[in-house]
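Remember, predicted model here, so these are calculated numbers, not experimental data. Nothing fancy with the numbering, it's 1 onward along the sequence.
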Amino acid sequence: MMKISDLQSKDIVNMENGKRLGNLTDLDINLSTGQIDAIIINGTGKMMSFFNRETQEFVIPWSNIVKIGNDVILVHLPEPYQPYSTGGS
């Protein structure tokens, strides 16, 4: 068994290009089945300041997870993958 806090400490790496995508910040859970549908991470490209907050989130379907290791979570995302972005003031 693994805790969410264990997953949050792992780096998430795209096997397609070797880039570090960030760390897990949330899970998308199907309440009907109890299964995890996706992991949500804040990308390394996020920019924050006191007056402006822009966050780039990646929603990665569970089916794209290749391996959960001791230190990293390996995912497979094709190159033109577009993250879901949120922003606010």
Side-chain angles (χ1 to χ4, degrees):
M1 183 180 333
M2 187 174 292
K3 298 177 184 177
I4 293 174
S5 58
D6 294 336
L7 291 174
Q8 289 176 322
S9 65
K10 299 177 188 303
D11 288 330
I12 298 174
V13 176
N14 186 0
M15 289 186 60
E16 183 78 15
N17 56 19
K19 289 184 182 176
R20 180 185 176 278
L21 300 175
N23 295 90
L24 183 133
T25 56
D26 210 348
L27 295 173
D28 182 12
I29 299 174
N30 183 322
L31 296 179
S32 299
T33 64
Q35 293 182 335
I36 299 172
D37 285 341
I39 61 173
I40 301 170
I41 62 173
N42 283 338
T44 56
K46 68 181 178 178
M47 296 170 32
M48 289 185 174
S49 69
F50 186 72
F51 298 107
N52 183 22
R53 181 179 178 173
E54 181 180 322
T55 305
Q56 188 176 44
E57 290 183 335
F58 290 89
V59 178
I60 302 172
W62 188 259
S63 60
N64 287 48
I65 295 176
V66 176
K67 177 89 173 162
I68 298 176
N70 291 333
D71 299 320
V72 297
I73 299 173
L74 299 175
V75 298
H76 182 309
L77 297 176
E79 261 311 307
Y81 184 76
Q82 296 296 316
Y84 172 75
S85 297
T86 61
S89 310

* What heavy-atom pair brings W62 and I68 nearest, and what distance separates the two atoms? -> CH2-CD1, 4.0 Å
* Structure fact -> Heavy-atom nearest pair, D6 first then K10, reads O-CG, 3.5 Å
* To do: Determine yes or no for a side-chain-to-main-chain donor-acceptor pair under 3.5 angstrom, with D26 supplying the side chain and I40 the backbone.
  => no
* Structure fact -> Closest non-hydrogen contact found for T33 with N30 is N-OD1, 3.2 Å
* Can you name the one residue among V75, N23, L74 that meets side-chain contact (heavy atoms from CB on, under 4.5 Å) with I12? -> V75
* To do: Show your reasoning for whether side-chain contact (heavy atoms from CB on, under 4.5 Å) applies to D28 and V59.
  => CA-CA 9 Å; D28 182 12; V59 178; 5.5 Å; no
* **Side-chain heavy-atom pair D11, D71 within 4.5 angstrom cut-off** => no
* Compare every heavy atom of T25 with every heavy atom of Q8, then report the nearest pair and how far apart it is. => NE2-O, 4.1 Å
* Structure fact -> To the nearest 0.5 Å, atom CZ of R20 lies from atom CD1 of I41 at 8.5 Å
* To do: Would you mind reporting whether I39 and L7 have side-chain heavy atoms less than 4.5 Å apart?
  => no
* Asked: With hydrophobic residues grouped by side-chain heavy-atom distances under 4.5 Å, do F58 and V72 end up in a single group?
  -> no
* Asked: Which value, rounded to the nearest 0.5 Å, describes the distance between I60 atom CD1 and I65 atom CD1?
  -> 7.0 Å
* What heavy-atom pair brings A38 and P61 nearest, and what distance separates the two atoms? -> CB-CA, 4.0 Å
* Got a second to check how far S9's OG is from I4's CD1, nearest 0.5 Å? -> 12.5 Å
* Asked: How many angstroms lie between atom NE2 of H76 and atom CG of N14, to the nearest 0.5 angstrom?
  -> 7.5 Å
